[in-house]
There are 2 protein chains.
Amino acid sequence: MIESPSATRRHPTILDVASHAGVSKSTVSNVVRGLPGVSEATRGRVRLAIQELGYRPNVLARQLVQQRTSILGVVVGDLANPFFAEMAKSVERHAAARGYTAMFCNTEGDSQSELAGVETLLEHRVAGIVFLAFSGDSRTMRETLQHQIPAVFVSCGAEWGDVVSVDDEVGGRMGTAHLVDAGHRRIAYLFIPELEDQSDRARWDGYCEALKAAGLGPPVRISWSPPAEHALVDGVDRPLIEVFTGPDRATGVFASNDVAAIALQEFADRVDLRVPGDISIVGFDDVPMAGLARIALTTIAQPRDELARLGIATIADRIERKLKGPPTRTLVDVTLVARRSTAPLRQA
Amino acid sequence: MIESPSATRRHPTILDVASHAGVSKSTVSNVVRGLPGVSEATRGRVRLAIQELGYRPNVLARQLVQQRTSILGVVVGDLANPFFAEMAKSVERHAAARGYTAMFCNTEGDSQSELAGVETLLEHRVAGIVFLAFSGDSRTMRETLQHQIPAVFVSCGAEWGDVVSVDDEVGGRMGTAHLVDAGHRRIAYLFIPELEDQSDRARWDGYCEALKAAGLGPPVRISWSPPAEHALVDGVDRPLIEVFTGPDRATGVFASNDVAAIALQEFADRVDLRVPGDISIVGFDDVPMAGLARIALTTIAQPRDELARLGIATIADRIERKLKGPPTRTLVDVTLVARRSTAPLRQA
DNA sequence: CTGAAATCCTGTAACGTTCCAATCTTGTGA
DNA sequence: TCACAAGATTGGAACGTTACAGGATTTCAG
């Protein structure tokens, strides 16, 4: 079959199929959707016509008349971040399994572009929104709420809406306690301010509690923007290295996520601090990289696929009205994976 | 403003806005789209009504009548693979910058789900498809071609359509030559069969040429499915370790991508082979992880963001008919990043 | 035969936009 | 005061589908 190269032939519509098969468009529609009440003979003829014309239903038109789409918006903090990448992949798979198509939008943790992204999703009349990251910006939230579109927050807290997540506070406590048990007395908390969300704050709470429970303190908060050699330590700008060399130096660090933990490990390598010799590091998430022998990061593992599965199940049930009533809160368990980035404190 | 909690109020339409502002729907449409020919006074009234009702245009309806969407389908091999994750992020950003929304679909390198994904994208009447991975399956290709929808292949070859990519053959040659220059005489080629595409094959060609040019050979082909201790070496199933311990052992490996290279490095670490002491490894892609001090992988770097930018520019130009004529082929340069996974061959 | 039920099929009215030709204002110069 | 142009506004016809009420046709028991 030769076609004129530039003549962009229009898509055949249900009407073309109908006239080609000698039936009405309603019948074609019924065949396409596999509804009963069409004779085998007609069904065959219609299918043949569909084949011959290369007809493909126009989802747009369908969705317009049905007043609902099967698209799920997915808000991701940073697609290039391994944790989000894994989550995004799982979410996409589970969404597809339930008949939804995922539409991602990437927000550099920036509530400005988060808002723009949600706006775009709403214009596309997505059936619901899955937040894998949520800045907590209240306007976005209200926008969404106001339009009565289901939203689920997976692994990122929110005051409102269905939440599927690990118990971040417990995780924070476990990670910190692991360091305490190893004899560390001065333990810092590391996080990346750009990406901080409610989950991080809960992890911080867990960290504080664990410290308190062990009679240690006060908490030390290191906020670090990755490429920096300096960091904001408890609010004052300090060369990062001092945190681990001064008289009151920290020997343990609980990081609110693996990316931060690995970045710190990298920093330590560069300035000749030993991990775990000089610093023991505990991360959070258990990204695939953390399991490499050369990284060997002790971390708090989240069951990513399970979170994605539950998240999709929750929002799908909301959309399909199988789930009604007040927001639900589903928590799944976290586990500590001990690797070689932590060790008992060397006695001085 | 109190709303009944379960009554999912319908979205206001352009007609609601029109009657609320006391104008016709056409005028509202003109205001929304920012067309000229609307008096300032009316414009203001309409904007107010939009505000008050919380109107948001329905992209579906717009696209239906306009016969085109502003959605770009993006076919990704594996979102969790760091190379694809970075590319996906860049692609999304550049697409958004040109007014397009990206719709990803993940195909586990499996041409079955690639086909299904493309099918879904076509049903959504995407304006074009960006392939970040392409199995080369001819039916998919023909499906797409047949519907006259623009497609661009970014960093993955195809016999047909616009291609934006690095010169994989040159890359393969450079990577292999780096090992040759370091004195290695027996150099293997490592790849992951599940994800092999035309780019990989071009890299293989480059590898073979470099070997030939140096008077070395024959090529050794290791196909490896990640968690395995065994591998298909030149077609025969062998314990992977033998490749690096036998009498004719390989001392250098050129891997067709960083993920494979890092997996091999991990394997080497586990079985006590030293990198680069016993094996020198060169990867391809320069994923972020490769730059970590603990990984320090020598690799061929692709300018990912540039590829994404050019890819989006190409397909956008096709869609907007600024680019006509036969398929284009844009090549961008590749650079060797020497790190610590390669070293001169130890003299035995 | 007849009437009713079952089966198969169809036509019309949405859905929420954009496009376009036509109409209604207004302002201006003669 | 009028004719005319320019500007502002409008109504109706698409776009490709689904929903649904009803129209044919067939089947079958009485």
Side-chain angles (χ1 to χ4, degrees), chain A residues 8-47 49-50 53-71 99 120 122-127 147, chain B residues 8-47 49-50 53-71 99 120 122-127 147:
Chain A
T8 175
R9 215 179 19 150
R10 284 263 318 299
H11 289 243
T13 76
I14 208 170
L15 255 120
D16 298 320
V17 177
S19 73
H20 195 264
V23 297
S24 76
K25 63 179 162 55
S26 304
T27 301
V28 177
S29 173
N30 290 336
V31 172
V32 169
R33 290 179 296 155
L35 296 187
V38 181
S39 70
E40 264 323 306
T42 327
R43 207 175 282 276
R45 242 175 330 134
V46 171
R47 278 211 241 273
I50 289 180
L53 298 178
Y55 168 74
R56 200 184 310 277
N58 185 329
V59 179
L60 264 52
R62 192 213 302 282
Q63 293 175 343
L64 181 61
V65 62
Q66 288 191 155
Q67 305 263 65
R68 67 197 151 78
T69 68
S70 56
I71 305 180
T120 305
L122 290 175
E123 285 185 354
H124 280 91
R125 297 292 188 268
V126 293
H147 286 267
Chain B
T8 177
R9 217 181 12 153
R10 286 263 319 298
H11 289 208
T13 76
I14 209 170
L15 257 122
D16 298 321
V17 177
S19 73
H20 194 264
V23 297
S24 76
K25 63 181 162 53
S26 305
T27 302
V28 177
S29 174
N30 290 336
V31 171
V32 169
R33 290 179 296 155
L35 297 186
V38 181
S39 71
E40 263 325 306
T42 329
R43 205 176 282 277
R45 241 173 334 130
V46 170
R47 279 210 239 273
I50 289 179
L53 297 179
Y55 167 74
R56 198 185 311 276
N58 185 330
V59 178
L60 264 53
R62 192 212 307 277
Q63 293 175 342
L64 181 61
V65 62
Q66 288 190 154
Q67 305 261 67
R68 65 193 156 78
T69 69
S70 56
I71 305 180
T120 305
L122 290 175
E123 285 185 354
H124 280 91
R125 296 294 188 269
V126 294
H147 286 268

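- Here D:dC20 is the nucleotide among D:dG11, D:dC20, D:dG16 with the atom lying nearest to any side-chain atom of A:S26.
- When each of B:S24 and B:R125 is assigned the nucleotide of DNA chain D bearing its nearest heavy atom, the one mapping closer to the 5' terminus is B:S24.
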Do B:R125 and A:H11 pass the side-chain contact (heavy atoms from CB on, under 4.5 Å) test, and can you show the C-alpha distance, the side-chain angles, and the key distance before you say yes or no?
CA-CA 10 Å; B:R125 296 294 188 269; A:H11 289 243; 3.4 Å; yes
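- In this structure, A:L64 places its CG atom 17 Å from P of D:dA14, rounding to the nearest Å.
- Applying the 3.5 Å distance criterion, the base of D:dT10 shares no donor-acceptor pair with the side chain of B:K25.
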Please assess A:V32 against A:I50 for the test side-chain contact (heavy atoms from CB on, under 4.5 Å), listing each intermediate value before the final yes or no.
CA-CA 9 Å; A:V32 169; A:I50 289 180; 3.9 Å; yes
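- In this structure, A:I14 atom CD1 and D:dT18 atom C1' are separated by 8 Å, rounded to whole Å.
- Within 4.0 Å of B:S39, counting heavy atoms only, lie sugar-phosphate atoms of the nucleic acid but no base atom.
- In this structure, A:T27 reaches the bases: a heavy-atom distance under 4.0 Å links it to at least one base atom across the strands shown.
- Per the geometry, CZ belonging to A:R68 stands 13 Å off C1' belonging to D:dT17, to the nearest Å.
- Between A:S29 and D:dT18, a side-chain N or O to OP1/OP2 separation shorter than 4.0 Å is present.
- Read 5' to 3', the first and last nucleotides of DNA chain C with an atom closer than 4.0 Å to a heavy atom of chain A are C:dC8 to C:dG16.
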Show, in sequence, the C-alpha distance, side-chain angles and deciding distance for A:H124 and B:H124, and conclude whether the side-chain contact (heavy atoms from CB on, under 4.5 Å) test is met.
CA-CA 11 Å; A:H124 280 91; B:H124 280 91; over 6 Å; no
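- Distance, B:N58 CG to D:dT17 P: 17 Å, rounded to whole Å.
- Distance from the side chain of B:V65 is smallest to D:dC15 among D:dC15, D:dT10, D:dG16.
- Rounded to a whole Å, the CG atom of A:L60 is 15 Å from the C1' atom of D:dA14.
- Rounded to whole angstrom, the span from the CD atom of A:Q67 across to the C1' atom of D:dG16 amounts to 15 Å.
- Atom pair B:L15:CG and D:dG11:C1' shows a separation of 11 Å (rounding to whole Å applied).
- For the pair A:Q66 and D:dA19, the criterion of a side-chain N or O lying under 4.0 Å from OP1 or OP2 is met.
- Note on A:V59: nothing from the nucleic acid sits closer than 4.0 angstrom, heavy atoms only.
- Between the side chains of B:T42 and B:S39, at least one donor N or O lies within less than 3.5 Å of an accepting N or O.
- As rounded to whole Å, 10 Å separates atom P of D:dG16 from atom NE2 of A:H11.
- Taken from CG in B:L35 to OG1 in B:T27, the straight-line distance is 11.0 Å, to the nearest 0.5 Å.
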Would B:Y55 and B:D16 count as a side-chain contact (heavy atoms from CB on, under 4.5 Å) here? Give the steps.
CA-CA 9 Å; B:Y55 167 74; B:D16 298 321; over 6 Å; no
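- Remark: B:L15 CG to B:S29 OG distance equals 11.0 Å, nearest 0.5 Å.
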